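The next block holds one structure in the form of structure tokens; read it before the comments.
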Amino acid sequence: MARWLGQEIEPPRFCIRLHKEGKPLSGYILRRLGTSIVVIIGISMIAFGLLHIISSSPGRAVLGLHASARAVAQFNKANGYDDPIVVQYYHYVVQLLHGNLGYSYKLNQPVTSLLAENALRSLYLSGVSLILAILVAIPLGIYQAVRRNHLGDYLVTSGAFTFYSMPSFFLGLLLIQAFSLSLHIFPAEASQSVSVFGVMADPRAMFLPILNLVVIQVAGFSQYMRSSALDALSQDYIRLARAKGLSQRAVLSGHLLRNALLPMITLIGLSIPALLAGNLIIETLFNYPGLGLMFYNALLNEDYPTLLSYTLIAGVLTVVGNFIADIAITIADPRVRLA
Amino acid sequence: MTRVLDIKDLSTHIRLSKSTVQAVGNVDLYIDEGETLGLVGESGCGKSITGLSIMGLLPPGGSIVGGSILLEGRDLVGLPEEEMRKIRGNDVAMIFQDSSSSLNPTKNIGDQVMEPVMLHRGASKKEAYDRAIEVLELVGIPQAKERMEDYPHQLSGGLRQRVMIAIALTCDPKVLIADEPTTALDVTIQAQILRLLDDLKSKFGMSILLVTHDMGVVAGRADRVNVMYAGRMVEATTTERLFDEMRHPYTQALLASIPKMDQDNSRALFSIPGLPPDLTHPPQGCRFRARCAYAQDDCAESEPKLVGDSLHVAACFHPVVGGPLREDQMLTLKHAASYHGVGSSDEEPLLKVVDLKKEFPVTSGAILRRKVGSVHAVSGVSLEVRRGEIFGLVGESGCGKSTLGRVIVGLERPDSGQVLLDGQDVYAKRGKELVKLRKNLQMMFQDPYGSLDPRMRVASILREPLAIHKIGTRKEQEQRSIELMGEVGLPKTALERFAHEFSGGQRQRIGLARALTLNPKVIVADEPVSALDVSIRSQVLNLMKRLQGVHDMAYLVISHDLAVVKYLADRIGVMYLGKIVEVASGEDLYANPAHPYTDGLIKTIPLPDPRGERSKKDVGIKGELPSPIHPPSGCRFRTRCPRAQELCAQEEPVMRDFGVGHTAACHFPLIEPVQLLASKGSTQSS
Amino acid sequence: MIDNHERADEPYEPPEELGGALEGANLASPVYDAGDLGALTSGWKLALKSFAENRLAIAGFAIILFFILFCYVGPHVYHTNQISGNVLNSDLPPGAGHPLGTDNNGYDELGRLMIGGQAALEIGFFAAAIATVIGSLYGAISGLIGGFLDGLLMRIVDVILAIPYLLIVLIIATRWRGTVLSLSLILGLFAWLVPARLIRGEVLTLRVRDFVSAARVMGGSRRRLIFKHLLPNALSVVIVNITFQVADAIIVVALLGFLGFGLEYPHVDWGDMLANANTALGNGYWWLVYPVGISLILVVMACNFIGNALRDAVDVRLRRR
């Protein structure tokens, strides 16, 4: 048995144990996977449909307004843009399955490589801020629930409410004004390094964008955690735990935490679209070359293949996020695991 | 005998946002070593808050504002939290009503039982583990060792309650506070748990504070009983004296309003008029005054103190003399039989249910919804309700009685079988004809909160049935509503109100009035009084019975409470796991049950009668209700039946006659069936 | 107030025969033994009372009212030229003639704040209305019909909900001319998913409530169940949702404006006014950032305050037992 800090550690509680009476978990996961795939197919249809409606004649877009109608038609024919829509969708899906997300005529580059260039930098920004936000929001929410209707709770709630009612860029503007323009502690522009390691090596430049994202997310998460913890606090098992003579700390860590976290897992899974939207704004504001900035530039260029590919990826990420959250719930909640 | 717990002059208030509930006021109470003290009262009387005050676990806003709680001479009031924690779960332990929500759903049973031992006894993990298994075995959990890894949702309600008791007992507490420990359980399980608590009390040498609303529960289990009303202790004495020589009118009235198994059901139940006072503004003087038949002017002037000797105290200026109310002191209720009479058995029955089956599929999967099994809720039930009759249907929760009721009124479609009203098949009708037929088949619901539309005024609620069937002008409909309100004992002004402005009992009255609006021939009443307090319950029961007589209706009353059904019904059907196992008249069923399940059910019901309760030998029915997804083969009761033999597993028993209107389905009945008697050449024919 | 109250004050006369508390045999005169009724309060009154007692909600209302007056009455009192800019007057700090200074096109910032607010409020309201109407109908239909169609409709919601709202709205906004109407439509057409889920959930829980069963037992038609029982009870959820929708729509339209995809020049929204905020701050033109930003936050907060208070008020009414 492993020893850690002198304490005996049991095998991790949340490893999937197939219980004698429980149904095999794989069945549930497979079914959930099936639903996810259906949703992903739906997303691909929407992305394709939008691309088709908005940019129905790519030839015109590529060749410009002065190109002759014949040249445009020729281009469309050569690239299969005049096939029946079903055929076009079929080709689109086949290309997707081969990892080909389309071609950015504006940047003269396959979208896949464009995304790959920027993905890591965005992942770093989102990942770090998401983890920090979770680490701050959970204890904060529990603190608020325990100190309900006391000064501390009011202060945090007011703060969360204010930040929640603020467009994310406005908080960014305030941060830039305070830390960059007035105090000159942090730069107003994020790291411009091409490699993600370069970005990591420059924490000063990343401080403001990360802080901005963390605060915005904490404002949402902590209030959710607060209500989830309040809900758990009012449950009978908390009263029974107190009746056992457990200290407040033991009640909170031993009985409240896990139960209050269960709804949070789902919420975090669901918050991925908001996370990506947040990235778009923050990367634009701090001029950080990630997927969000790429998307913004594509908007300015009306580079639809890029825009819709990114939308497709974002949708898939959301589905994957929800799927992972569902599996996490299954592992963390014995009622689901051993239903 | 040493006094383990001694509460003096305890007052506990709960501060709400705008008002303060004076939940417990100047309460005295003591428990001796090895004693069970019953603390009885209706909901909101402060009995649970008293228990929670001892534990120092008051709800938010709650605080002890005066008095002392001495545990072996040490005052718990004002003890620092740290000291209090050492007492909780160690010297004083508590079990709660709802075991499904009281156990942590994400921690396994073993961890939850081990926790207190490790905390209070400093036991190692290994020691705690062994102790947990020991206690789990003591509380009667089979294969305790294997169960340690289980999570609460994997256990049945009865087993969960045992686990909660085990948690309370791990540290050998001196006092166990049991707050309604069996209220959420079925009667058969309730008997088992109460028996277990009794056994454990002597084994552990502890004292028990048994907090309950159920006089039957204290009658059998408590040495002494304290009665609370509206935050005050009104009477305290030994159990026998309380039942035989009570002094407080409230105690007398409360006992008289509980329907007993041998109740003469041609008489009205005694009922206490009105409602308990609002404890945010408790009345001056005696708090029971407004509802008391003995009250005089001085009751309003000052509040009576507890007076009496060390054996018996009561807080009343005009105490009761002569013990419980006798039946001849109660009014005769001219009910159904005396107004119109029950239809004879030769007549075509008013409502006839023929071989009704209803299954609910158990599905899995989000999109395809594969059917993986089915819950056999109702499996071939036949019954008849005659004109002007009250037919009672009893059974444990999950036996399918509510589903049967819903199928009869058309809320669920049956899988097969017929429901005939006046000889017409309800499920063969469509459209307008069905609507017309349904007029005669109304329903009264269990939940007084859910059954009235929160967005409608009572006037609209009562007018709705008439509006649906386009009966009368608006004026006439309004007139009818006023009439109905009078019939159910509510003033006309109540028509302008919304459902949330009424108490539970008042809402049930409105529900009954709504069911009456169309002058139906049959009303199906699903647990009409089980959500109500005892004193309110008898009001509603009397009302139901009276109106049935006046309007010449038939009721199908569904309840888990045999005493309620026995009081209301002319004939009773006993249901077990989707099947009717016995049908007989109330008297016959009680006196000569044929089916072992009926017999067990009668034996398990806690009676408000100390001697009767104490003389009970066995716990009635062992085990728990099997899953209706995989009901046992043959006789469904065989897994819990003391008389079961091989035949019971192989062959399903058929209904046999045991006298006039008395049928039961059992291979080895407790009394001889009629045809058997006949075939033996007996001259008797009843 | 009601006759039963007076009765309670009279001393209770014990009947001759004990147990006569129930005058069971006397059927002619009704027995009012059901106990007192509490003080008369109607459901909406109760909700209104709870709402009125919520100081934040009152503050929220005051803020909204102020901004409505400011944005719509303000321009009639404080006349400015918002049609053609004057580059000579650009980027003036607050001072005489221009209480909040001027922007880089020389427009008076205070006057611009007023007409920008009109757009923000209008888009917020229209988008919320569109989203709520579509969402409520969609959710109600899905919940009421149930079965296969319900599953299909909800999968569609899953699909659209999986696509980040802001991304899709931005893509479409690049294609449409930015007017108040077009932006409201774009926002509303992609924001109805949450209300749809909410209403569906509400309908599903209401559908199995006993009072709906009671209406079915009476023989009430499907139409009646839906219009008399289900929808009125689900309405409170819809109303609460609207306020949050307004807040969300105002934020999103501000984001669009900030990114440069808001209203078409010279029409202006608060978000559009912040499009160059980063540069403005760098140049020290604080008056071009803070008045707009604070107005925006105040209005969104006010909507959220009202929404929270409404939600609590509705809960109070339904929970009070």
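Note that this is a predicted model, so its numbers are computed, not measured. Numbers restart at 1 for each chain; the letters A, B, ... are given by sequence-line order, proteins then strands. The figures here come from the full heavy-atom set of this structure, side chains too, leaving out hydrogens, waters and symmetry mates.
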Indicate whether any N or O donor in one side chain lies under 3.5 Å from an N or O acceptor in the other, for B:Gln112 and A:His255.
-> no

Honestly, the part of A:Ser234 sitting under 4.5 Å from a heavy atom of chain B is neither

Is A:Arg239 close to B:Phe96 at the side-chain level, that is, under 4.5 Å between some pair of heavy atoms?
-> yes

Scanning both residues in full, the closest heavy-atom pair of B:Met94 with A:Leu240 reads O-CD1, 3.9 Å

When rounded to the nearest 0.5 angstrom, what distance separates NZ in B:Lys86 from OG in A:Ser247?
-> 12.0 Å

Please report the shortest heavy-atom distance between A:Leu246 and B:Arg85, naming the atom on each side.
-> O-CD, 3.2 Å

Write down the atom of B:Ser101, the atom of A:Asp236, and the distance for their closest heavy-atom approach.
-> OG-OD2, 2.6 Å

Quick one: closest heavy-atom pair of A:Lys244 and B:Ile167, and the distance?
-> CE-CG2, 3.4 Å

With a 4.5 angstrom heavy-atom cut-off, could you sort out which part of B:Leu119 is near chain A: side chain, backbone, both or neither?
-> side chain

Could you pull out the closest heavy-atom pair between A:Asn259 and B:Pro105, with the gap in Å?
-> OD1-CG, 3.4 Å

Approximate separation, where rounding is to 0.5 Å, of A:Tyr237 OH and B:Thr106 OG1 = 6.5 Å

Smallest separation among heavy atoms of B:Asn104 and A:Gly254, with atom names | ND2-O, 4.0 Å

